[in-house]
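Note: hydrogens, waters and symmetry copies are ignored here, and every other heavy atom, side chains too, is used. For clarity, every value in this text was computed on a predicted model and none was experimentally measured. Lettering of chains follows the sequences in order, A, B, ..., and the numbering in each one begins at 1.
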Amino acid sequence: MSIRVRYAPSPTGLQHIGGLRTALFNYLLARSSGGTFVLRIEDTDRERFDERSLQDIYDTFQWFGIRWDEGPDVGGPFAPYIQSERVSMYREYARQLVESGYAYEAFDDAEALRESREDGKQGYEPIFRGMSEAEKQKYRDRGVPPVIRFRTPDEGATEFEDLVLGRVKRKNRDIVTDPVLLKSDGFPTYHLAVVVDDHHMEISHVLRGQEWVPTTGLHVLLYKAFGWQAPAFCHLPMVLGKDGQKLSKRHGATSVIEFRNSGYLPEAVMNYLSRLGWSYDDSREFFGQADLESLFDVEKLSKSPAVFDYRKLDWFNGSYIREKSEDELYDLVLPFLVRDGLVSDPPDDAQASTIRAAIPLIRERLRLLSDASGLLRFLLQDIREWTVDELVPKKTAVEDVPDYLARARELIQDADAVSDDVLEERFRAAAEALGIKLGNLLMPLRVAVTGSTASPPLFGAIRLLGVHRSLERVDACIALLRKEN
RNA sequence: GGCCCCUUCGUCUAUCGGCUAGGACAUGAGAUUCUCAUUCUCAAAAGAGGGGUUCGAUUCCCCUAGGGGCUACCA
C-alpha cells in the first residue's frame with residue numbers, strides 16, 4: 001500500500017517554524033517513499049479563524065520550495081481539502097456514533113464549563129451521559145443547542161504503536177472524559193475531524209508533534225468506534241526555545257515569514273530544520289532538498305525534544321549564501337536593499353551595476369541576506385557624519401591623522417588604474433616612511449571612505465565608490481579633524 | 001494535582017552490549033589577512049543519580065530526580 005501523509009495546519013495565524021518542520025517531515029516521507037503529500041486546512045475553529053492565514057500558508061510553502069500533491073488549490077481525488085467545506089460529513093458521522101451508542105447529546109452551558117475550569121476544577125462530569133430522552137427533550141424545548149460528546153470507556157486501556165515512541169499505552173479512564181466531538185455551532189472538534197478526514201483521505205501515516213501523544217488514545221478509540229483501521233502514528237519530537245520551553249515569540253522569530261524577512265535562505269532553513277529530530281550519520285551536515293527527498297527515513301527520527309539554535313541556522317545560512325553565484329546573490333539581495341531604502345525600485349542602471357560589482361566583495365561577509373544593506377550603505381548613500389573616535393586609530397594622536405589621510409589621499413588618486421598589490425605596496429612604503437603601522441594608515445582611510453571600521457576590502461571599496469567621491473570623503477574627514485583639533 | 005513522553009559536550013546529534021564516547025554549531029587559542037569576514041589548525045567540553053541483568057553497560061530493565069507536553073464546545 002502506498003504511503004499517504006498530510007500536513008494539516010489550522011488557519012489561525014502565521015505559519016510557525018515548528019509547523020514548517022512537521023510539514024517538511026511529512027513531505028520528505030512522501031517523497032522518499034514514492035508516496036503522496038496532502039495539504040488539508042483545518043479551519044473548524046471559527047472564532048480563531050484568521051483571513052490572512054490561508055494566503056500565508058501558500059506563500060510560506062512557495063518560498064520554502066515544497067508543494068503538495070493534493071490540496072485545496074490543486075485539488076485531488078478526496079476534495080474538498082478544507083474542513084469547513086466538509087461539515088455535513090462530520091455531522092453525519094457524529095450522528096452515526098450517537099446511533100451506535102458511542103456518543104450522546106449533551107446540553108452543557110459552555111460558559112459555565114469554562115468558568116468552572118477557571119476555578120481550578122478539572123475533568124468533566126458527564127451528567128448527560130445517562131440522561132433519559134424525556135429529560136433531554138426539555139433542553140431541546142428550551143432551545144439549548146446540543147453538542148455531541150464521545151462516551152469514553154471507564155474500563156480497559158487503549159494502546160497504539162508509534163513509529164518513534166514504540167508502544168504507547170493508556171488507561172481509558174485517563175483519557176479525557178467524554179470529549180466534545182461536534183460543537184454547538186455544528187462544527188467538529190479536531191478529534192472528530194481529524195479521524196474522519198484521515199480515514200477518508202486514506203492517510204497511511206500521521207506525522208505530527210508530540211503534543212498530540214496524550215490525545216492519540218482518544219483517536220484510536222474513535223477509529224474503533226467507527227470500525228476503521230487506524231493509520232500508523234509517528235510523533236515528532238517537539239521544538240523548544242533556549243530555555244527548554246516550547247518555542248515561542250520571546251525566543252525570537254517563530255513565524256516563517258519573519259525568517260524570510262530577516263534574510264534567511266529557504267534551503268538553509270530546510271537543511272537546519274531537517275536536523276531537528278532527525279539525523280543521517282555521524283558526520284554529514286549538509287543536505288540539499290534532493291538529498292533529503294531520497295535519504296529521509298523515519299527510522300532515524302529521535303525521541304527527545306530539540307532546542308532551536310538560531311546561531312547554527314545562521315551558520316547554515318552563511319554557508320548557503322557563499323555557494324550562490326554572483327547573479328543569484330544579486331537577485332536575492334536586491335529586495336532587501338530596496339526595502340531598506342538604499343536603491344530605487346527598480347534600481348537604476350548605475351545602482352544595479354554598482355551592486356553587481358560589489359557582490360563578490362560582500363559575499364563571504366553575509367550571514368543574512370539583509371546584512372547586505374549595512375555592508376553596501378556607504379556605496380548607495382552619502383555619509384553625513386563621521387565619528388572622530390573611529391577615524392583615529394588606537395594609540396594615535398588626533399593631530400596626526402589629517403596628515404595620514406592627506407598622504408593616503410595622494411596614494412589613491414589613480415586607484416582605478418593600478419592593482420590592489422601595487423596600492424598595498426605603496427601604503428606599506430608610506431606607512432614605513434611615516435613610522436606607523438600599515439593598519440594605522442589604512443584605518444582612517446577606511447573610516448573616511450566607508451564610514452565604518454569594518455568594511456569590504458578597502459581598495460575595492462574605493463573603486464566601487466569612485467576615486468572622486470572617495471577623495472571628497474577623505475577631504476571632508478581631514479577638515480573635520482582639523483576643526484576638531 | 002493527574003496522566004503521558006523524554007534524558008550523551010552549552011546546543012543539534014552519532015553510538016542499535018566491547019568507547020581511547022565521533023561529528024557539527026557556539027566558545028577559547030593560533031595561522032592567514034589592510035578592517036570585518038572567509039578559510040585553516042588546535043583546545044576545552046557529555047553518557048542525571050541509584051540499583052539491577054551481563055564476562056562487559058552510554059547502550060537492556062527498574063526506581064528516583066529533572067525537563068517537557070496534555071488535562072477546552074483550540075488545534
When rounded to the nearest Å, what value does the distance between [atom1] atoms of [N] and [M] take?
{"N": "B/G10", "M": "B/G47", "atom1": "C1'", "answer": "16 Å"}
{"N": "B/G66", "M": "B/A72", "atom1": "C1'", "answer": "29 Å"}
{"N": "B/U71", "M": "B/U15", "atom1": "C1'", "answer": "37 Å"}
{"N": "B/G69", "M": "B/C63", "atom1": "P", "answer": "23 Å"}
{"N": "B/A57", "M": "B/G52", "atom1": "C1'", "answer": "12 Å"}
{"N": "B/U7", "M": "B/A46", "atom1": "C1'", "answer": "12 Å"}
{"N": "B/A37", "M": "B/A31", "atom1": "P", "answer": "16 Å"}
{"N": "B/C9", "M": "B/A48", "atom1": "C1'", "answer": "14 Å"}

Rounded to whole Å, how long is the line connecting atom [atom1] of [X] with atom [atom2] of [N]?
{"X": "A/Trp386", "N": "B/U35", "atom1": "CH2", "atom2": "P", "result": "22 Å"}
{"X": "A/Lys169", "N": "B/C5", "atom1": "NZ", "atom2": "C1'", "result": "17 Å"}
{"X": "A/Lys303", "N": "B/C16", "atom1": "NZ", "atom2": "C1'", "result": "12 Å"}
{"X": "A/Asp421", "N": "B/U33", "atom1": "CG", "atom2": "C1'", "result": "13 Å"}
{"X": "A/Ile321", "N": "B/A37", "atom1": "CD1", "atom2": "C1'", "result": "12 Å"}
{"X": "A/Asn317", "N": "B/A37", "atom1": "CG", "atom2": "P", "result": "17 Å"}
{"X": "A/Asn271", "N": "B/C12", "atom1": "CG", "atom2": "C1'", "result": "12 Å"}
{"X": "A/Asp314", "N": "B/U11", "atom1": "CG", "atom2": "P", "result": "18 Å"}

For [X], which contact category applies under a 4.0 Å heavy-atom criterion: base, sugar-phosphate, or nothing?
{"X": "A/Pro456", "result": "base"}
{"X": "A/Arg363", "result": "nothing"}
{"X": "A/Gly277", "result": "sugar-phosphate"}
{"X": "A/Leu458", "result": "base"}

*Take the angle between the ring planes of A/Phe459 and A/Phe427 and call it parallel below 30°, perpendicular above 60°, tilted in between.*
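Ring orientation of A/Phe459 relative to A/Phe427: tilted.
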
*Can you label the angle between the A/Tyr280 ring and the A/Phe287 ring as parallel, tilted or perpendicular, going by 30° and 60°?*
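A/Tyr280 vs A/Phe287 ring planes: perpendicular.
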
Test salt bridge (Lys or Arg N to Asp or Glu O under 4.0 Å) applied to [X] - qualifying residues, sequence neighbours left out:
{"X": "A/Glu161", "result": "A/Arg167"}
{"X": "A/Arg52", "result": "A/Asp50"}
{"X": "A/Glu111", "result": "A/Arg114"}
{"X": "A/Asp185", "result": "A/Arg46"}

Nearest-neighbour nucleotide for the [X] side chain, [options] considered:
{"X": "A/Arg428", "options": "B/C34, B/C12, B/A37", "value": "B/C34"}
{"X": "A/Ser455", "options": "B/U35, B/C12, B/U13", "value": "B/U35"}
{"X": "A/Asp174", "options": "B/C3, B/C6, B/C5", "value": "B/C3"}

For [N], give the paired nucleotide (Watson-Crick: N1-N3 plus N6-O4 or O6-N4; G-U: N1-O2 and O6-N3; both under 3.5 Å), or none.
{"N": "B/U15", "answer": "none"}
{"N": "B/U27", "answer": "B/A43"}
{"N": "B/C70", "answer": "B/G2"}
{"N": "B/U20", "answer": "none"}

*Which residue pairs satisfy the salt bridge (Lys or Arg N to Asp or Glu O under 4.0 Å) criterion with at least one member in residues 188-200 of chain A, sequence neighbours excluded?*
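Pairs touching residues 188-200 of chain A that pass the test: A/Arg6-A/Asp198, A/Arg40-A/Asp197, A/Arg40-A/Asp198, A/Arg86-A/Asp197.
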
*asked:* At under 4.0 Å between heavy atoms, how does the protein contact nucleotides 21-26 of chain B? Give one character per nucleotide, 5' to 3', with B, S or -.
replied: -BBBSS

_Nucleic acid footprint by protein, nucleotides 63-75 of chain B - heavy-atom cut-off 4.0 Å, B for base, S for sugar-phosphate alone_ = -----SBS-SBBB

*Lys/Arg cation over aromatic A/Phe316: A/Arg275, 6.0 Å, 45° cone*: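 No, A/Arg275 does not lie over the aromatic ring of A/Phe316.
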
*Any side-chain N or O of A/Arg365 under 4.0 Å from OP1/OP2 of B/U35?*
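It does not, given that no N or O in the side chain of A/Arg365 lies less than 4.0 Å from OP1 or OP2 of B/U35.
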
Got a sec, which residues hit ring-ring contact (aromatic ring centres under 6.0 Å, His included) with [X], two or more places apart in sequence or on another chain?
{"X": "A/Tyr223", "result": "none"}
{"X": "A/Tyr7", "result": "A/Phe61"}
{"X": "A/Phe25", "result": "A/Phe296"}
{"X": "A/Trp212", "result": "A/Tyr190"}

*salt_bridge(A/Asp414, A/Arg426) N-O dist < 4.0 Å*: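 Counted as a salt bridge, because a side-chain N and a carboxylate O are separated by less than 4.0 Å.
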
_5' priority, RNA chain B, between A/Ser302 and A/Ser319 [closest heavy atom]_ =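 Nearer the 5' end of the strand: A/Ser302.
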
*Is the gap between the ring centers of A/Tyr272 and A/Phe308 under 6.0 Å?*
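Yes.
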
*Of all of residues 437-444 of chain A, which get a heavy atom below 4.0 angstrom from RNA chain B, listed by number?*
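Under 4.0 Å from RNA chain B: A/Leu438, A/Leu442, A/Met443.
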
